[in-house]
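Structure, as structure tokens:
In listed order, ligands and their atoms are each counted from 1. Treat the numbers as computed from the prediction; the structure is a model and nothing was measured. Starting from 1, each residue takes its place in the sequence as its number.
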Amino acid sequence: MNILILGGGGREHALAWAVRQNPKCDRLIVAPGNAGIAAIAECAAIDPLSRAEVLELAQENAVDLVIVGPEAPLAAGVSDALRDAGFLVFGPSQAAAQLEASKTFTKEVCDACGAPTAAWARFTEAGPARDYVTAQGAPIVVKADGLAAGKGVTVAETVQQAHQAIDQIFSGEFGDTSVVIEEFMAGEEASFFVLCDGSDCLPIGTAQDHKRVGDGDTGPNTGGMGAYSPAPVMDETIQAQVMDRIVQPSMAEMARRGTPFQGVLFVGLMIADGQARLVEYNVRFGDPECQVLMMRLGAQAMDLIHACAEGRLKDMTVNWADDHALTVVLAARGYPDDYQKGSQINGLDNLPEDSFNMVFHAGTVEKDGKILANGGRVLAATGRGATLPEAHQRAYALADAIDWPEGFCRRDIGWRALPKA
Ligand code: AMP
Ligand code: GLY
């Protein structure tokens with residue numbers, strides 16, 4: 001098969017790495033890709049948000065399956081354009097991608113199907129939103145309604161903070177004209193990844209990430225500084241509960257609305273007292289969660305993704321190994337605020353690259369034979385092992401072998417789960 005992956009981050013490198021291992025993959029094209037991906041696939045310098053450019057690329061290369069990595073092309077309707085032109089696509093339609101693109105949409109789906117989630121209210125003006133927060137008290141959560149690259153959420157510890165967040169949203173920074181205010185949920189967060197083909201659902205793994213930039217979960221939020229899989233809190237009982245009460249009802253509601261969801265559902269959960277509630281849905285793999293999931297699934301990931309795109313999930317099972325994976329993100333100093341691009345990364349050449357050790361590239365370019373940093377999150381040093389401590393040891397051994405003075409990583413990825421391992 002000729003396979004096209006859209007995107008160019010660590011998530012897409014991990015997807016490409018898994019797909020490449022599957023003998024069914026003949027040609028692998030990644031658009032736009034990055035320096036790490038270029039070592040295992042053809043990279044095409046097109047804009048993955050442009051329907052015309054993506055269609056042309058798929059047509060010219062007789063692509064058999066398109067795997068959409070990030071949310072932006074999905075929200076922009078690129079998957080619809082490809083399907084309309086007859087291509088097989090892994091990733092939801094623009095209408096179904098609203099599960100990530102609109103907080104209000106997701107809350108309405110939850111209300112319609114009875115999925116447990118935080119109580120909520122939506123406002124289109126700052127005044128009533130502020131009054132509501134004053135009446136509810138803190139802690140309370142303020143969210144820009146649309147896609148805000150993870151930056152539109154404030155978990156406010158005081159009413160004053162919540163008021164500021166509301167004012168900021170209505171100042172237009174996120175291009176939003178509405179705000180969702182949610183009840184604060186206490187508990188332990190975990191993520192659950194479920195392939196859905198419009199009628200059937202197949203869980204493919206659990207993970208926990210580390211959103212704050214600094215050790216001890218301090219500092220500003222980021223896209224994710226590290227992750228591990230499985231998440232101990234997501235035991236079989238909780239997984240079954242989440243499938244029964246949250247995922248299956250939500251997918252049935254999507255189908256009932258005439259917008260069935262096909263792709264990977266990233267289920268963000270808050271777990272307390274043995275009960276899980278939905279925090280949010282994303283309509284794509286997490287980054288860096290995908291790195292640990294792909295490391296664990298290996299080549300079968302492509303068969304599962306292919307079956308999902310073709311609506312054959314009911315015939316599929318996952319071959320689970322009793323393993324663990326952990327990934328450590330190396331980011332440019334200053335991230336998630338201002339950071340420099342272009343610093344040189346050394347020490348990548350002689351690192352092991354196998355089913356236990358992989359450095360996935362997130363934001364790199366190659367120039368004159370040198371690998372340069374080209375983003376905030378730049379590399380994801382990923383280890384797999386029979387135990388979490390083994391995966392942890394491998395991931396940090398990789399991270400420590402990389403010579404990049406302009407970069408940094410958190411030293412405590414896995415802190416919550418390691419003592420239980
Ligand atoms: P979201 O973009 O909706 O995932 O929110 C980003 C982060 O904010 C989540 O991963 C949680 O840590 C936190 N969060 C969002 N909603 C809530 C809530 N209702 N209660 C507690 N924490 C929340
Ligand atoms: N790591 C969180 C995300 O991909 O949204």
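Ring-plane geometry between Phe193 and Phe266 is classed as tilted, the angle between the planes lying from 30 to 60 degrees on a 0 to 90 degree scale.
Proximity of a side-chain donor or acceptor of Glu183 to a complementary backbone N or O of Ala119 within less than 3.5 Å is detected. In terms of modelled atom types and a separation under 3.5 Å, the side chain of Thr206 and the main chain of Ala231 share a donor-acceptor contact. For Asp403 (side chain) and Gly347 (main-chain N/O), no donor-acceptor pair under 3.5 Å exists by modelled atom type.
Heavy atoms of Val155 found under 4.0 angstrom from ligand 1 belong exclusively to the side chain. At a heavy-atom cutoff of 4.0 Å, ligand 1 is contacted by the side chain of Lys143 but not by its backbone.
A cation-pi arrangement, defined by a distance under 6.0 Å to the six-membered ring centre and an angle within 45 degrees of its axis, is absent between Arg122 and Phe105.
Applying the salt bridge (charged side-chain N to carboxylate O under 4.0 Å, His left out) test to residues at least two apart or on different chains, the pairs with a partner in residues 294-312 are Lys24-Asp303, Arg296-Asp323, Glu310-Arg312. Residue pairs meeting the ring pair (Phe, Tyr, Trp, His ring centres under 6.0 Å) criterion with at least one member in residues 234-255, sequence neighbours excluded, do not occur. Pairs of residues two or more places apart, or lying in two chains, never qualify as salt bridge (charged side-chain N to carboxylate O under 4.0 Å, His left out) while including a residue from residues 324-336.
Cys290 and Ala14 make their closest contact through O-CB, 4.1 Å (heavy atoms, listed as atom of the first residue, atom of the second, distance).
Residue nearest to atom 11 (C) of ligand 1, selected from Met185, Glu189, Glu280: Glu189 (by heavy-atom distance).
Near Ala118, the atoms of ligand 1 lying under 4.0 angstrom from a non-hydrogen atom of the residue are 19 (N). Within ligand 1, the atoms closer than 4.0 Å to a non-hydrogen atom of Lys211 are 10 (O), numbered from 1 in the order shown. Listed by atom number, the atoms of ligand 1 under 4.0 Å from Lys103 heavy atoms are 1 (P), 2 (O), 3 (O). Near Glu183, with a cut-off below 4.0 Å to any heavy atom, the atoms of ligand 1 are 18 (C), 19 (N), 20 (N).
Closer than 4.0 angstrom to ligand 2 lie heavy atoms from Asp209, Gly223, Phe266, Arg284, Gly286, Asp287, Pro288, Glu289.
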